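Computed from a predicted model, the values in this text were never measured in an experiment.
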Amino acid sequence: MKNILVIGIGRFGYHLIDQLNKAGDQILAVDASEERLEPVLGMVTSSLIGDATNETFVRSLGVENFDVCFVAIGDDFQASLETTSMLKECGAKYVVARAARSVQKKFLLANGADSVVFPEKQLAEWAAIRWCSGRVVDYLDYPGDFSIFEIKVPKEWIGKSLAELAIRKKLHLNVLSIKRNGEVVLEFPADFLFEEGDTVTIFGADKDIRKGLNINY
């Protein structure tokens, strides 16, 4: 369980809090609008109405006690920038800031953000990869030009074993799990045979996934 501060309760802030709440984290939600705070009151440990660009207010939050501070402000980049800077000046350990465009990332990092996220861009990339390929079931971008893909088993794999396919040796990809009839298989012998309807979760370098699985992204 972590102590999390979320500043800015728009769409992104709401869904972020929803997931943090499901994980059992302690959450303080902050927004300048009481109206925007109302939908999350049942999901947070506490909430405060205030201006996160005001140093006195930010210091009163005890930001140094939070494991992560999220700046989820989406409609006012200047406020996002000032809030990010203020959090760091007041002793925040780790600040994650939301950006809408790539150019904003540079300014946020220069003003104290430890990490920057692009919710709309990242969702768009995921959706494009997920639905524009007939085989991709799910996709996760991994740091350092690596990815994790869950795909429908290629037709040429059906009836063949892991040993026969030599996926790691020939394609330089690692099989993490196999799903069959809704059940996830985490331990599989070399003679495990793929069947139609199976999905397989693969981890590897982007270049190897593109080449070995013929997925363009």
field: Lys93 atom NZ, over 12 foreign heavy atoms within 6.0 Å
entry: yes
Calculate, to the nearest 0.5 Å, the distance between atoms [atom1] and [atom2] belonging to [X] and [Y] respectively.
X      : Y      : atom1 : atom2 : answer
Leu16  : Ile27  : CG    : CD1   : 8.0 Å
Tyr94  : Cys69  : OH    : SG    : 12.0 Å
Asp25  : Leu28  : CG    : CG    : 13.0 Å
Ser46  : Gln26  : OG    : CD    : 8.5 Å
Arg210 : Ile215 : CZ    : CD1   : 10.5 Å
Phe192 : Asp198 : CZ    : CG    : 5.5 Å

query: Parallel, tilted or perpendicular: which fits the ring planes of Phe77 and Phe107, with parallel below 30° and perpendicular above 60°?
result: perpendicular
If you define the side chain from C-beta out and look only at heavy atoms, does anything of [X] sit under 4.5 Å from [Y]?
X      : Y      : value
Val137 : Ile151 : no
Arg59  : Glu55  : yes
Ser80  : Leu108 : yes
Phe203 : Ile209 : no
Pro39  : Ile9   : no
Phe118 : Gln104 : no
Val71  : Arg98  : no
Ile202 : Leu171 : no

task: Please report the C-alpha distance between Ile73 and Asp75 in whole Å, then the side-chain angles of each, then the deciding distance to 0.1 Å, and finally whether the side-chain contact (heavy atoms from CB on, under 4.5 Å) criterion is met.
output: CA-CA 6 Å; Ile73 301 169; Asp75 55 357; 3.9 Å; yes
In terms of hydrophobic clustering (I, L, V, M, F, W, Y; side-chain heavy atoms under 4.5 Å; direct or indirect links), are [X] and [Y] co-clustered?
X     : Y      : answer
Val96 : Leu81  : no
Leu87 : Leu48  : yes
Ile49 : Phe70  : yes
Ile7  : Leu109 : no
Val63 : Val6   : no

Residue pair Asp206 / Ser147, side-chain donor-acceptor N/O under 3.5 Å: yes
If you look at every heavy atom in [X] and [Y], which pair is closest and at what distance?
X      : Y      : value
Phe12  : Ala72  : CD2-CB, 3.6 Å
Phe57  : Asp51  : CD2-O, 3.2 Å
Thr84  : Ala97  : OG1-CB, 3.8 Å
Val44  : Ala29  : CG1-CB, 3.9 Å
Leu61  : Phe66  : O-CE1, 3.5 Å
Phe194 : Trp157 : CB-O, 3.5 Å

- request: Applying side-chain contact (heavy atoms from CB on, under 4.5 Å), name anything that partners Ser85, two or more places apart in sequence or on another chain.
  value: Glu89, Asn111
Partners passing side-chain contact (heavy atoms from CB on, under 4.5 Å) against Gln19 (at least two apart in sequence or in another chain): Lys22
- request: Determine yes or no for a side-chain-to-main-chain donor-acceptor pair under 3.5 angstrom, with Asp67 supplying the side chain and Asn3 the backbone.
  value: yes
- prompt: Are Asp114 and Lys88 close enough for a salt bridge, meaning some N to O gap below 4.0 Å?
  reply: yes
task: Apply side-chain contact (heavy atoms from CB on, under 4.5 Å) to Met43 and Tyr14, showing your working.
output: CA-CA 9 Å; Met43 298 187 287; Tyr14 175 87; 3.4 Å; yes
Please tabulate, for the side chains in residues 181-189, all donor-acceptor contacts under 3.5 angstrom to protein atoms that are two or more places apart in sequence or on a different chain.
none

